[in-house]
Amino acid sequence: MFFNILENELIFNGYNPSVGRFFPLASLDLNILMQFSSSPKLFFFFNALEFVFMALVVCVLSLKILENNFKITLATLFVIFINIGFITLITGICYPERMQMLFLCIFIFSLYFAQKPEASIFWFIVCFVSASISIFYKETDFIFIGGFGALYLLFRFYETKSLKQTFDRNGYLALSRVVVALCFIFIYLIFIYPQMQGKVIEQAESFVLHIRDVINVFLTHSFIFLLIPYILFLRIKDFYITKVLYPLYDSLLISALVGGFSYFVLGRSSPYYFMPCYIIALLPILFFGKMYFLRLKIVLIVVFAMHCFLNVPLALRKYTQAKMLPPSYAKAMEFMADYTHTTQEKPAIFLLGQNRDPDGLMLYGFVKDFLQYYGAKDFDLQTNKSNPDGFESIQSPFSIFGSSRVDIPKKGDLLYLDSFSKDYIDEAYLNALNQNYQLVFESSYFGVYNITPKSIAKYLLQHSKAYAAYRNQPRVSANIFNAPLSVRIYQVR
């Protein structure tokens, strides 16, 4: 996307019928912004505006529902925005979930005020438009939006026992959500499904890694997958006794949870996928959190502690890699591009700790693009790591893509190292590099290592048989702490 923006080429990454992908509004913001400038400052300034707007929405709704409880409001802001999922979205430009969150914020904000008896038609229009736009930013939104609308009508009808009372102004608004969701499904079935050739559901590399990913999501997003189910349990228990429903909040609560689990069905477990769940669940968590505070107190303490110890360190580490590393990375790319003009031999560039698995090929692809952007003359990309199972070469002038050969670095070649390496990086590893090769470039940056209960456990168990078996799984990194906090380039002497 970076190079599309530089060359002012429109980006269409949300429409791929052959694999069932249809979220056509993805990258619309990028396509509009690039018409004004290709400077990264513009795009990240826009990201900053989005963050401020979303924070204001969360703040206003929290203060309204909690009657100006500033401490809980600050805690709410902390949970949503100091979050590995949100940091991933807001420090990048390629994630449609960022704009999805923005329009979902507008949706719930207008939805809240549309419930007021004195609400003007303005809030209904904003609610309808924002929800309709959001659906076309990610397919799963039809669950959030359509599911909410259907459940609201069902609960409202149970509450009133009257179709006339069910279909008041808010009832028709909910019905419009169902209609838009059904329209999305109709478009998908008519125009996308017949063109599908691949699978929409992503398959995990192995059963062990699938279980690992699910557990990681449950622990990282404990507010979604632990707190919401417990609140839902309390609601079912109370409904059994009192037969009282809260259509708005009950429907949003269930929609958020079902939407969250839908990502597991699709085989997607990256932390940022689940951020829209926080927005949809915001109103019911605040409302029922206030109602059931004494019954939820222990659970709230537990999930907040889990967030602080499991999610926040990951968020800080992600910020380090997304914002602190890139300037050093760019300098390193420019250095290597210049190096290709100073040697008569064709140098090969090795990314230490990377092979031909999907992660390595992606990183090698970035290096290729940046070196060509900086005007590199004649170079090759190679690896000294064994190939993963199933690798198939393609037609390419670069060995990393066009060959399955495992190479040995020769005189004049460059070895590149950063925190994305999958080798176990410690002082001994760096000392060995310094002894065997010449350090020709180093750019350090401020940041934090990946120090979490999970990484500490890995460190303590790294010599065990269980960890060895885990390390043998595909795409698993041995770089437990994501070291070093620098970018280094070594020359083979």
Thr452 vs Ser455 side-chain heavy atoms within contact, under 4.5 Å: yes

Any donor-acceptor pair under 3.5 Å linking the side chain of Ser443 with the backbone of Ser328? no

Can the positive tip of Lys323 be found less than 6.0 Å from the middle of the six-membered ring of Phe44, inside 45° of the ring normal? yes

Is there a side-chain contact between Phe103 and Val129 in this structure, where contact means two heavy atoms from C-beta onward sitting under 4.5 Å apart? no

Set of residues satisfying salt bridge (charged side-chain N to carboxylate O under 4.0 Å, His left out) with respect to Asp359, sequence neighbours excluded: Lys422, Arg475

Using a 3.5 Å distance criterion without hydrogens, assess whether the side chain of Tyr188 forms a donor-acceptor pair with backbone atoms of Gly20. yes

Does a side-chain heavy-atom distance below 4.5 Å link Phe45 with Lys41? no

Nearest atoms (heavy-atom pairs only) where Lys116 meets Tyr112: NZ-OH, 3.4 Å

Count the heavy atoms belonging to other residues, nucleotides or ligands that lie under 6.0 Å from NZ of Lys331, then report whether that count exceeds 12. no

Students often mix this up, so state it plainly: with edges at 30° and 60°, are the rings of Phe142 and Phe184 parallel, tilted or perpendicular? parallel

Salt bridge Glu159-Arg156, side-chain N to carboxylate O under 4.0 Å: yes

Phe46/Arg98 under side-chain contact (heavy atoms from CB on, under 4.5 Å): CA gap, chis, key distance, verdict: CA-CA 11 Å; Phe46 182 71; Arg98 176 173 46 80; 4.0 Å; yes

If a pair satisfies salt bridge (Lys or Arg N to Asp or Glu O under 4.0 Å) and one of its residues is in residues 134-154, list it, with sequence neighbours excluded. Arg21-Glu139, Glu97-Lys138

How about OH on Tyr319, more than 12 heavy atoms from neighbouring residues, nucleotides or ligands closer than 6.0 Å, or not? no

Taking atom CD1 of Ile298 as the centre, does the number of heavy atoms from other residues, nucleotides or ligands within less than 6.0 Å exceed 12? no

Would you say Phe335 has more than 12 foreign heavy atoms packed within less than 6.0 Å of its CZ? yes

Heavy atoms of Val57 and Cys105 approach each other most closely as CG1-O, 3.7 Å

Ignoring hydrogens and angles, tell me if any N or O in the side chain of Ser37 forms a donor-acceptor pair with the backbone of Leu33 under 3.5 Å. no

Would you call the rings of Tyr329 and Phe370 parallel, tilted or perpendicular, taking 30° and 60° as the class edges? perpendicular

Verdict with reasoning, Leu151 to Asp250, per side-chain contact (heavy atoms from CB on, under 4.5 Å): CA-CA 8 Å; Leu151 288 171; Asp250 287 328; over 6 Å; no

So, Phe366 versus Phe420, ring centres under 6.0 angstrom or not? no

Thr160 side chain to Ser162 main-chain N or O, any donor-acceptor pair under 3.5 Å? yes

Is the distance between the ring centroids of Tyr172 and Phe167 under 6.0 Å? yes

For Ser222, is there any backbone N or O sitting under 3.5 Å from a side-chain donor or acceptor partner on His307? no

Could you check whether Phe264 and Phe225 have their ring centres less than 6.0 Å apart? yes

Can you name the nearest heavy-atom pair linking Ala114 to Leu173, along with the distance? CB-CD2, 4.3 Å

Phe239 and Tyr158: ring-ring contact (aromatic ring centres under 6.0 Å, His included), yes or no, with the steps? CA-CA 12 Å; Phe239 174 74; Tyr158 175 86; 5.4 Å; yes

Under 4.5 Å between any side-chain heavy atoms of Ile425 and Leu417, yes or no? yes

Quick check against the 3.5 Å criterion: does Gln321 have a side-chain atom that pairs as donor or acceptor with the backbone of Arg317? no

Pro284 and Leu253: which non-hydrogen atoms are nearest, and at how many Å? CG-N, 3.7 Å

Side-chain heavy atoms of Gln100 within contact of Tyr95, under 4.5 Å: no

Can I get a per-line list of side-chain donor-acceptor pairs under 3.5 Å for residues 72-92, giving both atom names and the distance, sequence neighbours left out?
residue: Thr73; atom: OG1; partner: Ser62; partner atom: OG; Å: 2.9
residue: Thr73; atom: OG1; partner: Asn69; partner atom: O; Å: 2.8
residue: Thr76; atom: OG1; partner: Ile72; partner atom: O; Å: 2.8
residue: Asn83; atom: OD1; partner: Gly85; partner atom: N; Å: 2.9
residue: Asn83; atom: OD1; partner: Asn311; partner atom: ND2; Å: 3.4
residue: Asn83; atom: ND2; partner: Val79; partner atom: O; Å: 3.1
residue: Asn83; atom: ND2; partner: Tyr278; partner atom: OH; Å: 3.3
residue: Thr88; atom: OG1; partner: Ile84; partner atom: O; Å: 2.7
residue: Thr91; atom: OG1; partner: Ile87; partner atom: O; Å: 2.5

Side chain to side chain donor-acceptor pair (under 3.5 Å) for Ser27 and Asn13? Distances and angles first, verdict last. CA-CA 7 Å; Ser27 301; Asn13 68 334; 2.8 Å; yes

For Ser419 and Asn482 the tightest heavy-atom approach is CB-O, 3.3 Å

For Tyr263 and Phe144, take the angle between the two ring planes, folded into 0 to 90°, and tell me which bin it lands in: parallel under 30, tilted 30 to 60, perpendicular over 60. tilted

Phe113/Phe109 aromatic ring centres below 6.0 Å: yes

Step by step, work out the side-chain contact (heavy atoms from CB on, under 4.5 Å) result for Lys318 and Val448. CA-CA 9 Å; Lys318 181 62 183 179; Val448 297; over 6 Å; no

Is Tyr246 close to Leu248 at the side-chain level, that is, under 4.5 Å between some pair of heavy atoms? no

Check whether Ser421 reaches the backbone of Asp418 with its side chain - one donor and one acceptor, N or O, closer than 3.5 Å. no

Check: Phe128 main-chain N/O paired with Arg177 side-chain donor or acceptor under 3.5 Å: yes

Tell me, do Leu111 and Phe148 make a side-chain contact under 4.5 Å, heavy atoms counted? yes

Search all heavy atoms of Ala281 against all heavy atoms of Ile228 and return the closest pair with its distance. CB-CD1, 3.5 Å

Within a strict 4.5 Å, meaning less than it, do heavy atoms of the Phe107 and Ile145 side chains meet? yes

Is there a donor-acceptor contact under 3.5 Å from the side chain of Ser134 to the main chain of Ala131? no

